[in-house]
A.B. asks: 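Following this message is one structure expressed as C-alpha cells.
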Number of protein chains: 2
Amino acid sequence: MGRYRVGLETRERILSATRRLLGEVGVEDVTLKAITDQAAVGAGSFYNLFGSKEEVVLEVIREALDAVDPDPAGAGTDPLEDLVEAFVQFVTDSTPIARIYLQLAVGRGLTDPLVGQRLLRSHRRRVERFADALRRARPDLDARDAAAEAEMLLAALTGLGLTALLDPDFDMHAHAMRLLPAGEASVPGT
Amino acid sequence: MGRYRVGLETRERILSATRRLLGEVGVEDVTLKAITDQAAVGAGSFYNLFGSKEEVVLEVIREALDAVDPDPAGAGTDPLEDLVEAFVQFVTDSTPIARIYLQLAVGRGLTDPLVGQRLLRSHRRRVERFADALRRARPDLDARDAAAEAEMLLAALTGLGLTALLDPDFDMHAHAMRLLPAGEASVPGT
DNA sequence: TCCAAACTGGAGTGATCATTCCAGAATGCG
DNA sequence: CGCATTCTGGAATGATCACTCCAGTTTGGA
C-alpha cells in the first residue's frame, strides 16, 4: 500500500477542502462533488485514497474534537485561567473547526447515541480538569462545589462560544474573563 | 379550500409525527417516507394537505422557536427566577422541541446566515429581558454590568441545556439554581 | 338522496448522490 | 530504461428521495 508522493499531496488537498467545506456548508450538506471540485480532483482519485466520503468527514471531525482539548494527557498542572483562555482561543482562532465541533455536538450528538456518549465522556473529563484547577486556586473549596462550579464554567463557555460563532462582533474574550475570580493573583483561603 | 374533518385530523397526525421524528432523527435526516409511515398516511394524502416536506418541518420548527420564549410580549415584569425557571422547564419538559431548537440553532444557524441572524435577534431580546430583571433585583447594578451578566446567565443556561439534552441523568434544575443570587432559591416541591 | 369537492394509497418520475469501473498517464525502484 | 504499482478523470451504476398523478372512495351541504 505504499503511496507515491503525488498521492499524499492529493490526500492533503482533499482533507483541506473538506475542512473548509464542513465549516461553510455544514456536516450534513457537504457533497462528494463539492469536495472533489474544491480539491480539483476526480472521483476516481478520491476513492483511490479514501474508502468513503464518511471516512474523510470523520477524519476532519476527529481533528475538531481533539482541538477543543489540545493536551488531554496534561494531568493537572494548568491554572484555571489557561484552561479558559484555551477555550476562547479555540473558538476565536479556529473558527471553522469550532463550527464543526458545535455542529457535531448538537446536530449529531443529539440524535446519534454513540456520538452523544463520546461527547459526554469528553465533557466529563473536561469538567474534572476544571474542577481540579478550581481547587488548586481555592483549596477551601468543597469537592462537590468545585465540580458544580466547573460544570457551570464550561456551560457558560459553551454558551458564549455559540454566541461568538453566531455574532462576529461578539467579544468573547472580554466576557470569558468575567468568569475568572477577580484579582486571581492572591486569594487567600482558609 | 374548505377542508373536511378527516383532512384536518390527518393534518394533525402528520404534524405530530413530524414533531416526534424531528426530535428523534434530527432535522436533516427526516424523510417523507418516515413521516408518512409514522402518520399512517399515503404520499398522496400528504401532498393534499401540505405543499412540501419543508412546509411541515418549518411549521414544527416555528413551534420550537416560539416555545423558548413563551411570552415575548411580556414587557418587563417577570422576576429573574421565573425567566430561569422557564428555560429549565423548556429543556426538561419539552425535550423533543428543545432538541429541535438546539439542532436548528447550531446546525442551521451556523451555516445559514438568515437563520443565524434571526437567532441572534431573538437572543439579544432575551438578553435584554434578563438584564432588566437583574436591575430590578439589584438596582445598584450598572447597566453595562447588567447586560454582561445577563449575557453570561443565558450562555450558562444554554450550555447547561445542551448537557441536559445529552445526559438524561443531568440535574439541570439544581445547576440552574446556582445561577441565582444565594438565598433566593425557590423550592417548588421536592 | 345527490354530487361536487376533498380525501386516499401507492405506483411512477426525475433529480441528486455516493460509489464503481476502467483505460490511460505518471511515478519511482531496480 | 523497464515495468509493476499507483494515480488520474469522468462516464456508468444503482440507491435514495421528494414529489406527481390518478383512479377510486369518502364527506357533508343542499
A.B. asks: Under a 4.5 Å cut-off applied to non-hydrogen side-chain atoms, are A:Arg99 and A:Leu22 in contact?
C.D. replies: no
A.B. asks: What is the distance, rounded to the nearest whole Å, between atom CZ of B:Arg11 and atom C1' of C:dC7?
C.D. replies: 15 Å
A.B. asks: So B:Thr95 and B:Leu165, do their side chains get closer than 4.5 Å, heavy atoms only?
C.D. replies: yes
A.B. asks: Is B:Arg19 salt-bridged to B:Glu59, cutoff N-O under 4.0 Å?
C.D. replies: no
A.B. asks: Could you give the CD1-to-P distance, from A:Ile14 to C:dT19, as a whole number of Å?
C.D. replies: 13 Å
A.B. asks: List in chain and number order the residues that pass side chain to side chain donor-acceptor pair (under 3.5 Å) with B:His123, two or more places apart in sequence or in another chain; answer none if no residue qualifies.
C.D. replies: B:Glu151
A.B. asks: Look at the side chain of B:Val41 and decide which nucleotide, out of C:dT8, C:dG9, D:dG9, has an atom nearest to it.
C.D. replies: C:dG9
A.B. asks: Given a 3.5 Å cut-off on both pairing distances, which stems involving DNA chain C, each at least three consecutive Watson-Crick or G-U pairs, are present, if any?
C.D. replies: C:1-30 with D:1-30
A.B. asks: Can you name the salt bridge (charged side-chain N to carboxylate O under 4.0 Å, His left out) partners of A:Glu24, sequence neighbours left out?
C.D. replies: none
A.B. asks: Just wondering, do A:Asp29 and B:Glu28 contact through their side chains at under 4.5 Å, heavy atoms?
C.D. replies: yes
A.B. asks: Measuring only between side-chain heavy atoms, which start at C-beta, is B:Asn48 closer than 4.5 Å to B:Arg3?
C.D. replies: yes
A.B. asks: Any chance you could list the contact pattern along nucleotides 20-30 of chain C? Use B for base contacts, S for sugar-phosphate-only contacts and - for none, protein heavy atoms under 4.0 Å, 5' to 3'.
C.D. replies: BB-----BS--
A.B. asks: Has B:Ser45 got a side-chain N or O lying under 4.0 Å from the OP1 or OP2 atom of C:dC7?
C.D. replies: no
A.B. asks: C:dT8, OP1 or OP2 - any side-chain N/O from B:Thr10 closer than 4.0 Å?
C.D. replies: yes
A.B. asks: Would you call A:Arg5 and A:Leu8 a side-chain contact if the rule is heavy atoms closer than 4.5 Å?
C.D. replies: no
A.B. asks: Atom CZ of B:Phe50 to atom C1' of C:dA6: distance rounded to whole Å?
C.D. replies: 15 Å
A.B. asks: Going by heavy atoms in the side chains, are B:Glu149 and B:Phe130 under 4.5 Å from each other?
C.D. replies: no
A.B. asks: For B:Leu49 and C:dA5, what is the distance between atoms CG and P respectively, to the nearest whole Å?
C.D. replies: 18 Å
A.B. asks: Rounding to a whole Å, what distance do you find between B:Leu8:CG and D:dT27:P?
C.D. replies: 13 Å
A.B. asks: Should the pair A:Phe90 and A:Tyr101 be assigned to parallel (<30°), tilted (30 to 60°) or perpendicular (>60°) ring geometry?
C.D. replies: perpendicular
A.B. asks: In residues 20-38 of chain B, which ones come under 4.0 Å of DNA chain C, going by heavy atoms?
C.D. replies: none
A.B. asks: Answer yes or no: does a side-chain N or O of B:Asn48 lie under 4.0 Å from OP1 or OP2 of C:dA6?
C.D. replies: no
A.B. asks: Mind checking what makes side-chain contact (heavy atoms from CB on, under 4.5 Å) contact with B:Asp93, not counting sequence neighbours?
C.D. replies: B:Gln89
